[in-house]
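These notes concern the structure reproduced below.
Hydrogens, waters and symmetry mates play no part in the numbers below; they use all other heavy atoms, side chains included. Everything quoted here is computed from the prediction, not taken from an experiment. In what follows, chains carry the letters A, B, and so on, assigned in the order in which the sequence lines appear, proteins first and then strands, with residues in each chain numbered from 1.
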Amino acid sequence: MANEVKLHSIKKNETALKVVIYVVSIFFSIMTLFPFVMLICNSYKSTYEVQASTLSLYSKEPLKNLAFNWKQITSKDAFHPGVGFRNSFIVATLSTVLNVYFSCLTAYAITAYEWKLREGFNAMIMAVMMIPGTVTMIGFFQMAYKIGLVNKLSALILPSIAAPMVVFFMRQYLQASLSMEIVQSARIDGAGEFRIFNQIVIPLMKPAIATQAIFAYVGSWNNLFSPMILLTDKNKKTLPVMVSLLNGDIYKKEYGAIYLGLLITVLPLIVVYAFLSKYIVEGVALGGVKS
Amino acid sequence: MRNKRLVNYAKYGYFFSIPFILTFCIFTLYPVIYTFVLGFTDLKGAGNTEWHWLPSVGKNLFTNFTDVLTSKTFHKAFKNTWIIWILNFIPQIGFALLFTAWFTDRRSKVKGTGLFKILFYMPNIITAASMAILFQKLFGYPVGAVNQLFNANQPYNFLINEWPIKLIVAFVQFFQWYGHTMVNLIAGVIGISPEIFEAAEIDGANRVQTFFKVTIPCIRQIMLFVLVTSLIGGLNMFDIPQLLVGAKAANGAALTTNMYIRNQAFDGSYLYNRAAAASVILFLVIVILSAIVFYILRDKDEARLKKLRKQELRAAKKGF
Amino acid sequence: MKKVIASVLSLAMVAALATGCQNGNGGETSAPSNGGSGVDPVPTDSGVEPSDTTATEKQTMTFGTGSEKINLWSFTDEIPKMVGQYVKQKPEFGEKYTVECTIIATDGGAYQTALDNALVAGGDTAPDMYAAEAAFILKYSQGDMAKFAATYKELGIDVDAKIKEADIAKYTIEVGSRGGDLVALGYQATGCAMIYNAEVAKDAFGTEDPAEIEKIVGAGSGNWDKFFEAAAKLKEKGYAAVSGSGDIWNACEKSADTAWIVNGQLNIDPKREKFLDIAKTLKDNGWSNDAAGWSEAWYADMKGEGAQKVFAFFGPAWLINYVMIGNSGGNKAGEGTFGQWRVCAPPVGFFWGGTWVLGNKDTSKKEGVAELIEWITLDSSDTGLQYLWANGSVDWDNDPNTATAKDTVASATVMAKSDGKLDFCGGQNVFPAFIAGNQYASAKAMTQYDETINGYFTDAASQYAEGNVDRDGAIEQFKTNVQDNLSF
């Protein structure tokens, strides 16, 4: 009897908790949609409709405006959605791949091996992570213009090999979940170190790689200031840089086109995110985990 | 036996860190050194590249540093940064932990967690500029959504008053980053072996107990990461306050240290030297605070183990 | 294991896509325009770089086919399109020169940062010719970066005669002069007029005649006394004199007699200081709708849908063309406020905005650069840019943003022979009022720091008007901010 009551109250609590979870989650989900709705509903407005009310969903002639905004974007001589997409795609994809792969490698070097300069190297990475980037930009742009890194996509891609924050994450992750026993047994089986890293350690780190890859991709894709300064050639510009060109003069901003441009910029990102988010959602049953 | 193997593999440690070091030296080393040096020079003025050491122009070597440290505006910026960061970080980590607990709970049968996880990160995909516009319009004056909803007759100008500005900036910052933090934490939880949870379940631990006694300790490493990177990100806060209200609104109510540095360097007088000095100061602050976080959250057992291992290693080396 | 394979595969796919994109469109491989500067420390680069062939089917921002290359840097496509027009108009120019246009938006100061670095680095890729807008032109014409600008004389332009012939607005020359040497000129004239609502005027003052209204608001008096008398009268009838104090700030700022910085010291000109009181008065008396410029409430006031109907805006021709017409809520008389607006001289003269054109002192194409600059800024003939601009006949190609707007230009000679009748202003010829505005405008009290200092000052004023600080506190706050951020 007493047991039944207890069970009953547990069940009741369970339901209450569920309700709370749903209410809070749905509230946050709706909030999340806000900025996207804003982008969408302004992309089919005329500039003057945007100026009159950015948050309203209404437009007098949505289709006509959408067509006009699209024409505005594509007829701007500096704006080529195709070229911009290609450049953004190349920069974001390659820098993400380099970023996560080499960060894993570096983190593995720090975690798995005992070497003399290890602590020093680790401290260096931490220190680099803590350098405020604002002023170092002055030197970087100066250097880039001097030695001709301008208009090279690689100037935006290659630096991501050294991503201290991602190394830090990977190291923390490895410390928690890498068991040296697996590595040892692989060694006994005669596998080389590099192969062990690629075939055993990398798969082990998939959840970490997926999350950091998303962050890196988003960061690289949305990066605006450096590309604006380093990519001056119209054929090298990335999508966000091209959208920035729609701004024009203070008095001649084409807001409808700008929002459509922003929307076009964010859509591929959502696709990439949807693809990678699978790993966050499902989780991966891990084999050799430290217990 | 074990030690010998470790020593033999040491060269891979060096080998695997080469890409990082090389890249760092090519792209980052020069700008970093340049910045550090600038703090001790007289370099200012747009497009100027000629500089002299401060003593050679008759000034104290640390003039730029004392200028920054005694500046009221720097004090204000530093204070603002902390206030806004704390206002955003507490709810951020709180909600991130809560959602992590809810969404990784193996026993609850909440449907749609996958969708929620995906959605919650999405504010981070939107650029800060779009986010800023959204909130500018929401809090518009005299016409704006919030004013129209709550006080259409007596509209309030949120974005020129100090505390509303700070709270709104903190909220947007929270809104953009709680999902990011949650994703990091969830990645940590996913890395935990399911067997641990099974064991906890068998031992009769309830959910709250499981979360605090099993999950949290297991993701301590990731928590450390979240804390340190949030601290660094917080002290470097720039985009949202800059784009939402700017450095000048309400006598600099949203002026952060990073905005202060940029103003020094690019807005007005191009005081590169002072901006560099302020950067070095900010760097030192971050290092000290991070060191404290590291110290507090250090793994005591691990540290002891490490020490032991080192001693062993040394002994082993001597043995050869 | 399956998942590992899947993820490796997808990575491979991504990589393949990346390379595929690059090869896909590369039938012809026109060499990247990177110049043969030779230094290429990044070996993998050629593998990643896309070739520029997708752009061929549309008009690109390169004009002409000649062997001599002119680099033009700008922050909008306005000047590049002018160049396009010129090449069409004078094919010989296109046969001799190729004009490569680089456009970088002003967001976050990106244009200036890139331009500064490019000018300092010099070499083949440095700009030969570049544009600067009112907000930062002083830096390039008189301030830190002025040393890179060529004088128009050095370029070989017969400046004195041409200026006389075209009768260029005085403030444009003041802005573009380094010492006594002209280094920059604008093509627009952005002298401002008072743009007022005739129906409001009729109701409050019994007349809508520009000449009468000028008397009522004290046009050309150099102060705001009469205007505020009028404001009180407007208030009785339930109208706001202006949309927000920001509308008056531009006038106060640009009409000052002394600059913000005098002999390395911060200096607050009385006309600027007066703005503190103006902002407070407007707010306390409800003479404005308290709308900030470029906000939704500001646009609503143009439509006559604000809390109170607004009497006047202050601005140059572009404010009418690109902002007010579109926001009036109509396209012809009778719709919204379209057709209700009139233009007259303002109480205090000033200019607002504009773009100036400069040449690099190190350019090796002096003649070509000079030819373009002269055509844009000094040619007052019927084929000169300014005439086309003033009459809305610049050919903007396929830009659907129909630029048939009649804008005011720097040359009074051109203005005199152009027609400025606007339906938006009830058929009034608006040019005379704007020409008057140009004459009142002055640039002698400007420095390269104005944009920044203005920001601190207007915030101090709004804090004072809001009641957050007292008047002395506002000035104190302003001084501290300038001292700490600009070191003056």
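Residue B/R274 touches chain C through its side chain alone, counting heavy-atom pairs closer than 4.5 Å. Using a 4.5 Å cut-off between heavy atoms, C/A460 does not touch chain B at all. Proximity to chain B is absent for every atom of C/D107, based on heavy atoms less than 4.5 angstrom apart. With a 4.5 angstrom heavy-atom cutoff, C/F488 touches chain B only via side-chain atoms. Both the backbone and the side chain of B/S71 come within contact range of chain C, each with at least one heavy atom under 4.5 Å from a heavy atom of that chain. Residue B/I160 touches chain C through both its backbone and its side chain, counting heavy-atom pairs closer than 4.5 Å.
A donor atom on one side chain and an acceptor atom on the other are not found under 3.5 Å apart for C/E466 and B/N157. Under the 3.5 Å distance criterion, with hydrogens and angles disregarded, no donor-acceptor pair is assigned to the side chains of C/D484 and B/Y260.
Summarising the geometry, atom NZ belonging to C/K147 is positioned 5.5 Å from atom CG belonging to B/N48; distances are rounded to the nearest 0.5 Å. In this structure, OG in C/S462 is found 9.0 Å from CG in B/N161, a value given to the nearest 0.5 Å. Rounding to the nearest 0.5 Å gives a distance of 9.0 Å between CD of C/Q463 and CD of B/E162. Residue C/N468 holds its CG atom at 10.0 Å from CG of B/N251, rounded to the nearest 0.5 Å. The CD atom of B/Q136 lies 10.0 Å from the CD atom of C/E296; values are rounded to the nearest 0.5 Å.
The most heavy-atom pairs under 4.5 Å with chain C, out of B/G47, B/G144, B/G246, come from B/G47. Note on C/D290, C/V482, C/V120: by heavy-atom pairs under 4.5 Å with chain B, the leading option is C/D290. The candidate from C/T452, C/T458, C/L119 with the greatest count of non-hydrogen atom pairs under 4.5 Å with chain B is C/T452. When B/K72, B/K248, B/R262 are compared by the number of non-hydrogen pairs under 4.5 Å with chain C, B/K248 comes out ahead.
Here the closest non-hydrogen pair linking B/Y141 and C/S295 is O-OG, 4.4 Å. Here the shortest heavy-atom pairing between B/T73 and C/T480 reads OG1-O, 4.2 Å. Pairing each heavy atom of B/L271 with each of C/S487, the nearest pair is CD1-CB, 3.8 Å. Here the closest non-hydrogen pair linking B/S269 and C/L486 is OG-O, 2.7 Å. C/N481 and B/K76 make their closest contact through OD1-NZ, 3.7 Å (heavy atoms, listed as atom of the first residue, atom of the second, distance). Listed here is the closest heavy atom pair of B/A46 and C/D116: CB-OD2, 3.9 Å.
Enclosure of atom CZ in B/F65 by more than 12 non-hydrogen atoms of other residues, nucleotides or ligands within 6.0 angstrom is indicated. The environment of C/K309 atom NZ is dense: over 12 non-hydrogen atoms of other residues, nucleotides or ligands sit within 6.0 angstrom. Shown here is C/K361, whose NZ atom has more than 12 heavy atoms of other residues, nucleotides or ligands within 6.0 Å. Counting non-hydrogen atoms of neighbouring residues, nucleotides and ligands closer than 6.0 angstrom, the OH atom of B/Y30 exceeds 12 such neighbours.
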Quick one, B/Y270 with C/K139, criterion side-chain contact (heavy atoms from CB on, under 4.5 Å). Give me CA distance, side-chain angles, the key distance, then yes/no. CA-CA 11 Å; B/Y270 297 89; C/K139 176 176 151 195; 2.7 Å; yes
Passes side-chain contact (heavy atoms from CB on, under 4.5 Å), B/D267 versus C/N485? Steps please. CA-CA 8 Å; B/D267 192 15; C/N485 289 294; over 6 Å; no
